[in-house]
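Written out below as structure tokens is the structure these notes cover.
Just follow the structure's listing: the first ligand is 1, and inside any ligand the first atom is 1. Predicted, not measured: the structure shown is a model, and the values here were computed from it.
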Amino acid sequence: MTTGWSTGSTGSTEEAERRHVGTLIIGSGFAGLGTAIRLSREGNDDYLVIERGSEVGGTWRDNTYPGAACDVPSHLYSYSFELNPNWSRSFSPQPEIQQYLRDTAAKYGVLDKHLFDTDVTLARWDNDSRRWLVDTTSGAFSANVLIGAVGALAEPALPEIDGIDTFAGEIFHSSRWNHDADLRGKRVALIGTGASAIQIGPELAGTVGHLDVYQRTAPWVLPRGDRPYRRIEQLAFRHVPFAQRLAREAIYWGRELLVLGFAYQPRLLQAVQKIAQKNIARGIADPQLRKAVTPDWQIGCKRMLISNDWYPTLARDDVDLITDGIAEIRPDAIVTKDGTVRAVDAIVVATGFHVTDSPTFERIVGAEGRSLADVWSDKGQQAYKGSAVHGFPNLLFVIGPNTGLGHSSMVYMAESHINYVASALAEMQRHGLATFDVREDAQRRYNERLQDRMGNTIWTTGGCASWYLDAHGRNTTLWPSFTFLFRRMTRKFDRHAYETTARADQPVPQEVHAA
Ligand SMILES: Cc1cc2nc3c(=O)[nH]c(=O)nc-3n(C[C@H](O)[C@H](O)[C@H](O)COP(=O)(O)OP(=O)(O)OC[C@H]3O[C@@H](n4cnc5c(N)ncnc54)[C@H](O)[C@@H]3O)c2cc1C
């Protein structure tokens, strides 16, 4: 459904059928959409966004489960260039965030640069044409530059439980909610107690007949300081200069303080852990249940969750918390390791995503014919500044490895990377570059420093196993410092860290003449 790319040949007859575009962006969540808007605003129309979903939104298009909402306040969890004075409450619900993304895409006129319902099945670098050759379910493309904005939490991870395929009732992942399934009055099992599960559980309890919550590891849950905005506040945000910027700044710096505890002095988090302990005491009277929901690791080691109704939900008579571990799923029941068989009509799987082992990594193939999955198989995923990968020329990720946060807005991180992308494209233009490929030593040194930093953080010392860690036990997901340092680091494309080649139409560089 899009126009706006030029046709072009990559050399061979077979390749002549490919449609060529300057920059091809995969994915249209906050990251890809933000990149598209930036390119348009800079007057660069030679790009295309390929999105497998049927509209923009990514996370917020896919996660439509009951209770879905952000857990970073909306005034920060939104684009800096598109503040929204109309947020209905501090932590906006999913439909409002999704509408915000739709409206933003329409306002900046980038929808006709999107190709929806199209899956990128393979993107491989072609050394001869110095282009990316991109195969999709809607045809073949080529691009000078490829932007990976595919999301870290986009590929649902299903648990490997014996017999799960034999279950006869409704079973679905939290990010693929089946709205046709009528769960009212049913015996429902909720597997998982992470960020999505603690939003879903309170919505299901009381509506379903009985809810069994299967917990592998208890999370720390803090009170959720959520409230609706009053009309007068919304008016102030709209009409009083800087009011909304001030609110945003206050949220930003308040959250940044947490980095001191996460990444520098974990003992500072003890005060936060006390607040979480009080939250348990407030919500649950039964000492046994309190014990079952109290983690045995330090707060911050896994994602800190927020909810006012999770603990009261677990304390309800029609809700059971089950901690024995699942041994097997039968067509009509879940069997735990202690041998108990619990009849169940429907199962909601809230077990997270393929973060460090995304299937997308198999679909991106670099200059040496190896996929990202292959290259990353020994040491886990790694990139230079979370964006560029040696051997994958002209590829930049927006929100790649080690850019995740446990405390603040991922939109801030995405916008930082978007600066980097915009700067890279400007440098290519200015210096007549055909390719850039991050130097192996630059990438290695960057990651060594980063992993060194990781050693003192709560994610390493806090005594937990989390989805932040990969199969090698390395934290390849989180940014281990203040986000303003990440912003500064990605402000400008640092050409010196890259091997570059000139476009054929460029004069030979001066230094080569001199040699
Ligand atoms: C339930 C939930 C709540 C969250 N709440 C918060 C929060 O409060 N604060 C916060 O900071 N973060 C939160 N996050 C993290 C959230 O994922 C990020 O904030 C942000 O939305 C990520 O944007 P993205 O564009 O990087 O990825 P996504 O939004 O995941 O977008 C990636 C897009 O790429 C597309 N795509 C992937 N592969 C392909 C392919 N091969 N071909 C075509 N298209 C492809 C996907 O369809 C998707 O649309 C939450 C995540 C979840 C799951």
Side-chain angles (χ1 to χ4, degrees), residues 24-36 48-74 76-79 90-94 97-98 100-101 105 114-123 134-138 141 146-157 173-177 192 194-200 224 226 251-252 255 303-306 350 352-355 358-364 386 397-400 403-415 417-418 467 477 479 483:
L24 192 148
I25 303 167
I26 313 176
S28 189
F30 263 112
L33 175 59
T35 309
L48 173 69
V49 186
I50 298 192
E51 167 56 59
R52 67 185 173 195
S54 54
E55 60 170 343
V56 299
T59 292
W60 301 101
R61 179 198 61 230
D62 292 343
N63 288 269
T64 59
Y65 59 76
C70 55
D71 55 15
V72 167
S74 294
L76 183 60
Y77 191 61
S78 41
Y79 291 123
S90 12
F91 296 92
S92 301
Q94 172 269 332
I97 304 172
Q98 177 58 7
Y100 164 81
L101 287 166
H114 277 71
L115 187 60
F116 289 114
D117 297 311
T118 300
D119 200 358
V120 170
T121 50
L122 183 66
V134 180
D135 296 339
T136 80
T137 49
S138 307
F141 298 83
L146 185 67
I147 305 297
V150 293
L153 307 181
E155 304 286 348
H173 189 269
S174 53
S175 68
R176 302 288 184 269
W177 196 269
S196 298
I198 70 151
Q199 294 185 335
I200 294 168
R224 184 183 179 86
D226 189 22
I251 298 166
Y252 175 79
R255 299 212 148 227
R303 195 175 174 82
M304 290 193 303
L305 309 183
I306 51 169
F353 300 88
H354 288 284
V355 180
S358 169
T360 305
F361 303 159
E362 285 158 26
R363 300 180 176 191
I364 300 182
F397 279 100
V398 177
I399 312 191
T403 60
L405 300 176
H407 71 293
S408 192
S409 169
M410 284 309 296
V411 182
Y412 182 92
M413 299 302 270
E415 285 195 57
H417 260 168
I418 291 169
W467 60 260
T477 52
W479 168 245
T483 60

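Looking at Ile399 against ligand 1, only its side chain comes within 4.0 Å, counting heavy atoms. For Ile26, every heavy-atom contact with ligand 1 shorter than 4.0 Å involves the side chain, none the backbone. Only the side chain of Tyr77 comes within 4.0 Å of ligand 1, counting heavy atoms alone; its backbone N, CA, C and O stay farther away. Proximity of Phe91 to ligand 1, defined as any heavy-atom pair under 4.0 Å, is not found for any part of the residue.
Residues Tyr79 and Phe30 place their aromatic rings such that the two centres sit under 6.0 Å apart. Between His173 and Tyr65, the gap from one ring centroid to the other reaches at least 6.0 Å.
No heavy atom of Gln199 sits closer than 4.0 Å to any atom of ligand 1.
Between the side chains of Ser90 and Asp226, at least one donor N or O lies within less than 3.5 Å of an accepting N or O. Side-chain contact of Ser28 with His114: a donor-acceptor pair under 3.5 Å is present, judged by distance alone. No hydrogens or angles considered: a donor-acceptor pair under 3.5 Å links the side chains of Tyr252 and Thr483.
Here is the list of ligand 1 atoms found below 4.0 Å of a heavy atom in Ala149: 32 (C), 33 (C), 34 (O). Heavy-atom contacts of Asp71 reach the following atoms of ligand 1: 6 (C), 7 (C), 8 (O), 9 (N) (cutoff under 4.0 Å).
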